[in-house]
K.L.:
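One structure coming up, written as structure tokens, with questions to follow.
Side chains included, hydrogens not; waters and symmetry mates left out as well; all remaining heavy atoms used.
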Amino acid sequence: MLPQKNRIGKKLFPEFIRKAKTFSSDNVYLKVSRDCQKNKAFAFIASLKVSKKAVERNKLKRIARAITSPMLKDVPSGICAAVFFKPTMLGKKYTEIRDEIISLYKKAKII
């Protein structure tokens with residue numbers, strides 16, 4: 001799990017979304033802001049469109065947090081990023097999710 005200092009809060013989120021740049025792949029899209037108030041902050045969003053079951057949405061978010069946590073040391077300061085899952089991500093294996101998220105991070109030049 002990500003520490004509280006590395007999460008985008010509810011108060012910061014609307015401002016972050018307005019300033020963020022979008023990067024997309026088949027199953028995930030990423031919004032990144034380079035001038036963030038927090039230092040290295042992330043958010044993971046799986047809406048009801050992904051799945052009606054909270055268990056499945058939470059599993060996707062837990063996997064994404066587990067993938068991102070070890071990479072925090074490589075992320076430059078001042079970066080805020082939000083990972084949004086698409087419904088096609090449901091049912092993918094851990095390695096497929098990891099590869100897709102890492103490729104998006106590289107595309108956005110976060111790592």
K.L.:
Is the closest side-chain heavy-atom distance between Cys36 and Leu12 below 4.5 Å?
P.N.:
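Yes. Closest side-chain heavy atoms under 4.5 Å.
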
K.L.:
Do Met71 and Ile102 come within less than 4.5 Å of each other through their side chains, counting heavy atoms only?
P.N.:
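SC-SC contact between Met71 and Ile102 confirmed.
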
K.L.:
For the hydrophobic clusters of this structure (ILVMFWY residues joined by side-chain heavy atoms under 4.5 Å, transitively), does one cluster hold both Tyr94 and Val28?
P.N.:
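Result: yes, single cluster for both.
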
K.L.:
Testing the basics here: between Ala82 and Phe13, what is the closest heavy-atom pair and its distance to 0.1 Å?
P.N.:
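The answer is CB-CE1, 4.3 Å.
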
K.L.:
With heavy-atom distances below 4.5 Å as the criterion, would you say the side chains of Phe23 and Val32 are in contact?
P.N.:
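A side-chain contact exists here, since the closest heavy-atom pair is under 4.5 Å.
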
K.L.:
Would you say Arg57's side chain and Lys52's backbone share a donor-acceptor pair under 3.5 angstrom?
P.N.:
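A pair under 3.5 Å: yes.
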
K.L.:
Strictly distance-based, threshold 3.5 Å: is any side-chain N or O of Arg34 a donor or acceptor partner for the main-chain N or O of Gly78?
P.N.:
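Pair absent, no side-chain N/O of Arg34 close to backbone of Gly78.
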
K.L.:
Once you measure the plane-to-plane angle for Phe42 and Phe44, does it fall in the parallel (<30°), tilted (30-60°) or perpendicular (>60°) bin?
P.N.:
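Because their plane-to-plane angle is under 30°, the rings of Phe42 and Phe44 count as parallel.
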
K.L.:
Is it the case that one hydrophobic cluster holds both Leu2 and Ile63, taking links as side-chain heavy atoms less than 4.5 Å apart, direct or via other members?
P.N.:
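Per the 4.5 Å side-chain linkage, Leu2 and Ile63 are co-clustered.
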
K.L.:
Side chains of Leu90 and Glu56: closer than 4.5 Å at any heavy-atom pair?
P.N.:
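Leu90 vs Glu56: side chains touch.
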
K.L.:
Once rounded to the nearest 0.5 Å, what's the spacing between atom CG of Leu104 and atom CG of Asn27?
P.N.:
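Rounded to the nearest 0.5 Å, the CG-CG separation comes out at 10.0 Å.
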
K.L.:
Any side-chain heavy-atom pair from Tyr105 and Val83 closer than 4.5 angstrom?
P.N.:
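Contact flag for Tyr105/Val83 side chains = yes.
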
K.L.:
State plainly whether one hydrophobic cluster holds both Ile97 and Tyr29, where clusters connect Ile, Leu, Val, Met, Phe, Trp and Tyr through side-chain heavy atoms under 4.5 angstrom apart.
P.N.:
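No, Ile97 does not connect to Tyr29 through the hydrophobic network.
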
K.L.:
Has the side chain of Asn6 got a donor or acceptor atom that lies under 3.5 Å from a matching backbone atom of Ala41?
P.N.:
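Between the backbone of Ala41 and the side chain of Asn6 there is no qualifying donor-acceptor contact (under 3.5 Å).
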
K.L.:
Taking all non-hydrogen atoms of both residues into account, name the closest pair between Lys40 and Leu72 and its distance.
P.N.:
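Looking at all heavy atoms of both residues, the shortest contact is NZ-O, 3.2 Å.
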
K.L.:
What heavy-atom pair brings Phe85 and Val50 nearest, and what distance separates the two atoms?
P.N.:
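Minimum heavy-atom separation between Phe85 and Val50: O-CG2, 3.3 Å.
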
K.L.:
Test your reading of the model: is there a side-chain donor-acceptor pair from Lys107 to the backbone of Ser24, 3.5 Å cut-off?
P.N.:
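Flag set: sc Lys107 to bb Ser24 pair under 3.5 Å.
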
K.L.:
Got a second to check how far Ile111's CD1 is from Asp74's CG, nearest 0.5 Å?
P.N.:
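Interatomic distance, Ile111 CD1 to Asp74 CG, rounded to 0.5 Å: 7.0 Å.
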
K.L.:
Do we see a donor-acceptor contact under 3.5 Å between the side chains of Asp35 and Ser33?
P.N.:
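On atom types as modelled, these side chains qualify, holding a pair under 3.5 Å.
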
K.L.:
Treating Lys38 as the side-chain partner and Ile8 as the backbone partner, does any N or O pair qualify as donor plus acceptor under 3.5 Å?
P.N.:
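Absent.
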
K.L.:
Hydrophobic cluster membership, with links at side-chain heavy-atom distances under 4.5 Å among I/L/V/M/F/W/Y: are Phe84 and Met89 in one?
P.N.:
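Not linked; separate clusters.
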
K.L.:
Working to the nearest 0.5 Å, report the span between OG1 of Thr95 and CZ of Arg98.
P.N.:
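The CZ atom of Arg98 is 6.0 Å from OG1 of Thr95, to the nearest 0.5 Å.
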
K.L.:
Please round to the nearest 0.5 Å and tell me the distance separating atom SG of Cys80 and atom CZ of Arg7.
P.N.:
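The CZ atom of Arg7 is 14.0 Å from SG of Cys80, to the nearest 0.5 Å.
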
K.L.:
Compare every heavy atom of Asp26 with every heavy atom of Glu100, then report the nearest pair and how far apart it is.
P.N.:
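The pair with the smallest heavy-atom distance is OE2-N, 3.5 Å.
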
K.L.:
Check this for me: Lys19, atom NZ, are more than 12 non-hydrogen atoms of other residues, nucleotides or ligands nearer than 6.0 Å?
P.N.:
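Correct, the count exceeds 12.
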
K.L.:
Test side-chain hydrogen bond (donor to acceptor under 3.5 Å, both in side chains) on Lys31 and Thr22; report intermediate values, then the result.
P.N.:
CA-CA 4 Å; Lys31 288 195 171 267; Thr22 304; 3.0 Å; yes

K.L.:
For the residue pair Lys86 and Lys49, establish whether any side-chain heavy-atom pair is separated by less than 4.5 Å.
P.N.:
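No, their side chains stay 4.5 Å or more apart.
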
